[in-house]
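Comments concern the structure below.
Just so we're on the same page: letters track the sequence lines, and every chain starts at 1.
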Amino acid sequence: MTATVPSRSKATSSSASLQSFLNSPAANIVLPILGLLGFLTIWQILSSVGLIALPGPIQVLTDERSRYLILNPLYYNTDLDQGLLRHTFMSLGRVLKGYGAAAIIGIGLGILVGSNKVMDKALDPLFQFLRMVAPLAWVPIALAALQQNEPAALFVIFITSIWPILINTAVGVREIPQDYKNVARVLQISRVKYFFKVLLPSALPYIFTGLRIAIGLAWLAIIAAEIVMSGVPGIGFFIWDAYQQNYVTEIIVAVVYIGAVGLALDRLVAYIQRLIAPVQ
Amino acid sequence: MSVFVAVDQIEKVFSLSGGGKYVALKGIDLEIKKGEFVSLIGHSGCGKSTLLNMIAGLDLPTEGVVTLEGNPVTRPGPDRMVVFQNYSLLPWMTVRENISLAVDEVLRDVPKEERQAIIEQNIQMVGLSHAADKPPAQLSGGMKQRVAIARALATRPKLLLLDEPFGALDALTRGNLQEQLMRICEESHVTAVMVTHDVDEAVLLSDRIVMLTNGPASKIGGILEVDIPRPRRRMEVVNHPSYYSLRSEIIYFLNQQKRIKKLRAKKTEPIARHGLEKINLELGFVPLTACAPLVVAKEKGFFEKHGLDEVSLVRETSWRGIVDGIVGGYLDAAQMPAGMPVWLTVGGHQDKPLPVVSSLTMTRNGNAVTLAKKFYEQGVYTATDLKRMLLESTEQQHTFGMVHPSSMHNLLLRYWLAAGGIDPDRDVSLKTIPPAQMIADLKAGIIDGYCVGEPWNLRAAMEEVGFTVATDLEIWQGHPGKVLGVREDWAYTYPNTHIALAKALLEACRYCADPAHTEEIRQLLSRREYVSTSVDYIHLGNPNDYVCSLDRPMREYAHHLFYGDGVNRPSRTEHLWMMTQMARWGDIPFPRNWMEILERVCRVSVFSTAARELGMLDIKYHRGPIELFDGVKFDAEDPIGYLNSLAIKRDFSVAEVAVDARRAAA
C-alpha cells in the first residue's frame, strides 16, 4: 500500500507535466522537428541498407546537381533550363490565372444556382458528375479542344478547381437562414443591398471553404498537367525532365518545393478568410 | 374605435411531402383595433406563428384575407414589423448597423441627420448605448432581443408583430423586458400582436387574449378581455381581482386542449358486444361524495354485469369540463348537476342548443350552504340574519361560490338568498368555482361562503374555516342532486347501451343506499382516483338527523339519497322547476315550447325499461307539487305565472327554443 501510493502520484505528476508541455508553444515547434528528423533518419537508414533504390537525404544534399539546384534557385540558361524557383513561379502564374477564373465564375454560378431552385434542380446532378472527373482525364480533352499547351494547362486548372467553389457557394446561398431572409423581406430591402448586406456575408464562410479546397486541387492539377504536356516550363515539366535523365536527387528537391508551395497556398487562403470573414 | 387589422375567415393548408394535405388553421376571424395589444396563445403546433406570419405577409392564407386599414395584405412590408423569437440580427453588423440597415431602408425619405437621430434615440430607448458598436455575438440573449425590438420600433411600424419574443430568455430578463416593452408600447401607441405560450406574459401585456385550439384545423377557442387598468406593473397586476380568474381561464383552456388531444389519440371505434351497440364508454364525473354510484358500478362490477366491459371513469375537476366533454363528444355520458340537461338543451352553453337527455336521477340531497366562520361569530345563523348583516355592511362586497350556473347549488343558493330577501346578483355576487377549490378560496378570503356538494361543507366545518348554515334538508328536502346525462344523438345511436348503463347505475344506486355498504363506499371514494380526500370527510349520512342544530352547527352535514321511492325516476316537474329557476336568473330564456323540451330531456322510458328488467317494480314515483322551505308551492301547470309571482328575479324572457329536430329523427 505504502509502496503504490508514491508511485501512483509520480505517474500522475509526470502525466500532468506532459499535459502542460503539450499545451506550451514550444511543443508546437519541437515536436514537428522531432517528427521530421525521425522521418529523415528512417529514410536514410532504408536507403543506406539498400531496401529502397532512392538516394537518402544526405545524398540529396551532397549530390552535385541537386546542391547546385538548392543553392541557385534563380539561375537562368534557357526557358527549359532555369532555377527551381523560376519554374515554380511559372507554375504558380498558371495556377493564379486558372484558379482566379474558377473563383470568379464559380462564385457567380454558385450564387445563381443557390438562389434559384429551378437552376439548382437542373444543374446539380451535372455538377456532381463533372466534379468526379479526375484532372488528368481533362488533359487530352483540353488539348483536343484548344490545340495549344498553355491554354490547355490553364483550362485543366480551371475545370479542376471550379467545382468545390461552385458547389460550396451554392450551398452557402441555399443555407442562408430563413430569419435573415425574413428580415430582408419585412424591410423590403433592395436587391443590391440584399446581395451585399445579407447574401454575401452569410454565404462567405461556405465560399471560403470552397476556395480552400480548390486551391489545393489547382496545385495538384498543374503538376499533373505539366508532366503530361511537356514543353511548357514549370515545376511539373522539371520533374518529368529530371526523371527522363535519371536525376533522382533533383526530383526529390522539386517535390520538397511542391509540398512547401502547396502548404503555403492553403495557409494563404486561410489567412485571407480570417481577414475577410472572421468566424462568427 | 374602428377596425385596424381584420383577419377574415382565414384558412391555411400545407401540402405534405407525401402528397397529403395538412389543414393548419380553419375559419379564423379576428378584428384588432388601433392601439390594442393582442396575444395569441395555444399549444405548440396550433398554428399561432402561422397566423402571425400571415398578418405579417410572410405567408399567405389559402383561403380568406388579412386586411390592414382596409388594404389586403399580400406581401411583407415595413408597416408590419416583426420581432422574431431568435432575434434575427445580422451577426456581421454591429448593433447600430443592424438598426440603421432597417431605418435607412424604410425611412428613405427622411433626411440623413434625422435618421441618425432616430437610430440613436431607439438605441437609447432600449438602454443599449454602451453596446451600440458591438456585434450581436458579444451580447446576451436579452440584449439581442432589445436590439430586435429597437430595430422594429425605429422604423415606426403601424403594427408590431412579436413571435414569442421572450421565449428563449431566463425568467428575470424576461420580466424586465416585458415591462420595457409595455412602457414602449404605451409611449408610442403601437398596435401589437404577440404570439406566446406564457400565460402570465399574456395576461400582463395584453388587452385581449386569443386562445387557439390544437391542430389540425385550429380555430379560435375563445377570446378573453383583460380588464386590468394600465399602466400595469408586473408585481402589481397579480393583486388585481381579475388576474387569477383570467389566468385560470387560460390554463383551463390549455389543459382542456391537451386532454382533447390525448382523448383524440386514443379514441377508438365503438366496440359492439353482448347485443349492445357500444361497450367501451368514457364516463365523466366530478370528485364529490355524490359520484358514489359511478364508483360503485365500476369497482363492484355492475358495468360488466350488464355487458359494459370497457368503461373508464374520466375525472373532471369542474362541471365545465363535463360540459366540454359532452359538447365535444369525447365523453359518452356523464354525471351531471340536475339542471344541466335542460340547460344544455335550451342553449345555456354558448347559446347553442344541444339536446341532452336524462334517464336516471342518481342522487338527491347532499348539498349545503357554508358560510365563513366570521359570520357565525357575528351571530349569522339564518338567511334573515345574513340579510341584516349585509344591510349593516353595504360598503363591503360579499362573494359566494357555486359550481355551475345549471347546478342545483346555484339554484338552491339563489333561492335561499332570495327567500331571505337578498338579491343574489345585486346584494352579493356569485362566482363559479370548481368544488374542490371552495375551501381554499374560503380560507383565502376570496369568497364569503358557498353552496356545494359534500364532502366540501363538512370538511370546511371540520377544518373550522366555515360552518354549515343550511343544508338541503332545510331548503328542499329530497331535491335532485346529480343525474345521468347523455347527448340525445348518442341515445339514439346506442339505445341498448343506454338502457344497460341505466341498469348498471340503478343497481349501483341500490348498493349505495344499503347502510351495510357505507364503510366500503367511504373507503372507495376517498381513494386518489376518486374524491382523493381523507375518509373522515366522507359520510353517506344518517337520514334521521333532519334539522341543522345551531347548538352544534360546526359538525352538521347533508345526507344523500341514492335509491328508493321517488328517488331515481327522472321527474318532469323537477326539471321544469329548474328550468324556471334558470330563467328566473336570466341564465336561459324560458322556452315557450317547454313541454316539448321536457318531453325530450326526460327519458322515463329508458328508466322504466331498466327498472323493469332489474325487477325493481316496487319503486314508486313521487307525485305532487314541489314545495320548498318557504312554503311557496310550485305549480307545474303554469310556470310563467309562477315566474311572474316571484318578487326577486331578473327580467326573464320567453322565447321559442329551436332544438335541432333532425337529430331527434335520426
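Taking the side chain as every heavy atom from C-beta outward, A:Leu85 and A:Tyr257 approach each other to under 4.5 Å. Between B:Met182 and B:Phe37, the closest side-chain pair of non-hydrogen atoms is not below 4.5 Å. You'll find the side chain of B:Asp198 stays beyond 4.5 Å of the side chain of B:Phe166, heavy atoms only. Contact check for A:Met90 versus A:Glu226: no side-chain heavy atoms found under the 4.5 Å cut-off.
We find the CZ-CD1 distance between A:Phe208 and A:Ile165 to be 10.5 Å, quoted to the nearest 0.5 Å. Rounded to the nearest 0.5 angstrom, A:Ile215 CD1 and A:Leu211 CG are separated by 8.5 Å. Here CG of B:Leu153 is found 7.5 Å from CG of B:Leu181. Values are rounded to the nearest 0.5 Å. The structure places CH2 of A:Trp219 at 10.0 Å from CZ of A:Arg94, a figure rounded to the nearest 0.5 Å.
Shown here is B:Arg208, whose CZ atom has more than 12 heavy atoms of other residues, nucleotides or ligands within 6.0 Å. Crowding of B:Phe4 atom CZ: a count of heavy atoms from other residues, nucleotides or ligands under 6.0 Å exceeding 12. The number of heavy atoms from other shown groups lying within 6.0 Å of CZ (B:Arg183) is above 12. Under a cut-off of 6.0 angstrom, the local environment of CZ in A:Phe39 is sparse, with at most 12 non-hydrogen atoms contributed by other residues, nucleotides or ligands.
By a heavy-atom distance cut of under 4.5 Å, not one residue of residues 103-121 of chain A is near chain B. Residues of residues 175-192 of chain A lying under 4.5 angstrom from chain B, judged on non-hydrogen atoms, are A:Asp179, A:Tyr180, A:Asn182, A:Val183, A:Arg185, A:Val186, A:Leu187, A:Gln188, A:Ile189, A:Ser190 by number. Of residues 128-139 of chain A, not one residue has a non-hydrogen atom less than 4.5 Å from any non-hydrogen atom of chain B.
Of the residues B:Val73, B:Leu25, B:Leu60, the one that meets the side chain to side chain contact (heavy atoms under 4.5 Å, CB included) test with B:Met54 is B:Leu25.
With a 4.5 angstrom heavy-atom cutoff, B:Val82 touches chain A via backbone and side-chain atoms both. Both the backbone and the side chain of B:Ala102 come within contact range of chain A, with heavy atoms under 4.5 Å apart.
Each salt bridge (charged side-chain N to carboxylate O under 4.0 Å, His left out) pair with one or both residues in residues 131-154 of chain B, not counting sequence neighbours, appears once here: B:Arg96-B:Asp133.
Chosen from B:Gln85, B:Glu97, B:Met93, B:Arg80, the residue pairing most often with chain A at heavy-atom distances under 4.5 Å is B:Met93. When each of B:Pro157, B:Pro136, B:Gly77 is scored by its heavy-atom pairs under 4.5 Å with chain A, the top score falls to B:Gly77. No other option in B:Leu90, B:Asp104, B:Asp79, B:Asn53 has as many heavy-atom pairs under 4.5 Å with chain A as B:Leu90.
One N or O on the side chain of B:Thr155 and one on the backbone of B:Ala152 form a donor-acceptor pair closer than 3.5 Å.
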